[in-house]
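Just so we're clear, the structure is a prediction, and the values are computed from it rather than from any experiment.
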Amino acid sequence: MHAAEPARPVPQRAAAAGSAAVEPAGAASARSAAASAAATCAGFARVDLASPPGTCVALVAGAADGLRMPRRMLEVAPNRFWVVDMGSWEPNQGRLIELRVGQVGDAGPRAQTRVLLDRLDRPFGMVGAPDGRIYVAEASRVWRLAPGAPLRPDAVIDGLPADGAHPLKEIVFGGPGRLFIGVGSATDACRDAAGRQTLPCPEMSGERPRAAVYEALLAGPRQTLHSLRPFATGLRNSLALAWLPQTRTLLQGENSIDYPDAGAPPEELNLLRDGADYGWPACVGARRPARGYADPPCARTTAPLKLWPAHAAPLHALALPTEHRSPFAGQLLVAWHGHRAAGHRVVGFPLDADGVPSGAPIEWLRERPRSRGGAFAPAGVAVAMSGALLVADDRNRRILMLVRER
């Protein structure tokens, strides 16, 4: 990885949403596509997505500003964001980018992007640690930086599997010194070269199985790696992990097997327990046998907490405590990235009194039917200190912001 030169400034003034509550997207928010295309949103170009009444969607940065495949964002200081840009599915095309966003009415500089590090290998996960440092997950390693310090990545974990169908790594902290890492399966449904599906699945054997969420314990004054072990298994591709501090539990959004059917199998929301098996590759959904497996022991696996629509493709999950100063307080926000009808939206699930997601999803952003633009593909979300919702739309190479109309 290398430090790199600044990218071009964003050619619009920036805005941030207020923290007062707004209603979810619905029929009342419908607008003319032609009118939306010609309008602006708080000084930015307006993006034609359905959003709550009284709000609009602003284009903060895009391909013209050097974005290639943005996937994660994190506010490291007021109106200063770090962005993980994967670049492409080819190795060593990723970058860590800084995005500075001003407030409405500022007389200062416009929003700007600057490349901090480049030649990263398919970076994906990024999370702030309890000690204030930022952790970034590439395909085979996890490292950290301190905002404001020299750009010298400090390696934490190396040698993670970076091959196969699911090389990306999601990370989330479960309190100080406890880091969870999603390690995806090498295949879709554990078929060998001849198309055979056998149990046990070979890629899930040994001390370091695939299709698992790992727990890394960091210890000592420098928070070095003390241990790394599988925490939960039978999880095909864990790209959406969220920690619920009020109940000290870990949630996982499962990207299930790729059936050609539009309505099967369902995606899953799993509450992860230490040592539990969640069924992949032989079981899907509510502990049902997966295609190609005859009478697998699904009853021995752990059932999902909730079933989500097939092919929704949850790529990020973010839990906001009830005391958070934003319209999204007390919700689990999820980016449904999928290319079929269930995808193309950012949803929120209210957290109940036990801190568990419940009820129907609240739609905060979604693609309109017959949209004139490219399909909305949310890969990551962030809620700014101001209460604004930022969304990384990787397919369209842009970062969006949900703001109040002014």
Are Asp65 and Arg397 close enough for a salt bridge, meaning some N to O gap below 4.0 Å?
-> no
Give a yes-or-no answer on whether the side chains of Thr247 and Thr249 include a donor-acceptor pair shorter than 3.5 Å.
-> yes
Are Trp143 and Glu138 close enough that a side-chain donor and a side-chain acceptor fall under 3.5 Å?
-> yes
With a 4.0 Å cut-off, would you call Asp394 and Arg71 a salt bridge?
-> yes
Closest approach of Leu332 to Pro357 (non-hydrogen atoms, all atoms of both residues) | CD2-CG, 3.8 Å
Of all heavy-atom pairs between Ile399 and Met73, which one has the smallest distance, and what is that distance?
-> CG2-SD, 3.8 Å
Shortest non-hydrogen pair, Leu272 vs Tyr278, comes out as CA-OH, 3.1 Å
Over all heavy atoms of both residues, which pair between Ala137 and Val142 is shortest? Give the atoms and the distance, please.
-> CB-CG2, 4.1 Å
Salt bridge or not for Glu98 and Arg80, using N-O below 4.0 Å?
-> yes
Mind listing the closest non-hydrogen atom pair of Asn237 and His166 along with its distance?
-> ND2-CD2, 3.3 Å
Just checking, any donor-acceptor pair under 3.5 angstrom between side chains of Glu254 and Asn270?
-> no
Does Asp261 pair with Arg291 as a salt bridge, N-O distance under 4.0 Å?
-> yes
Does a side-chain N-to-carboxylate-O contact under 4.0 Å join Glu170 and Arg72?
-> yes
How close do Pro70 and Ala392 get, heavy atom to heavy atom, and via which atoms?
-> O-CB, 3.6 Å
Less than 4.0 Å between a side-chain N and a carboxylate O, is that true for Arg46 and Glu405?
-> yes
Other residues, nucleotides, ligands: >12 heavy atoms within 6.0 Å of Arg178 CZ | yes
SB check Asp393 Arg398 (cutoff 4.0 Å) = yes
Is it true that Asp121 and Lys169 make a salt bridge, defined as a side-chain N closer than 4.0 Å to a carboxylate O?
-> no
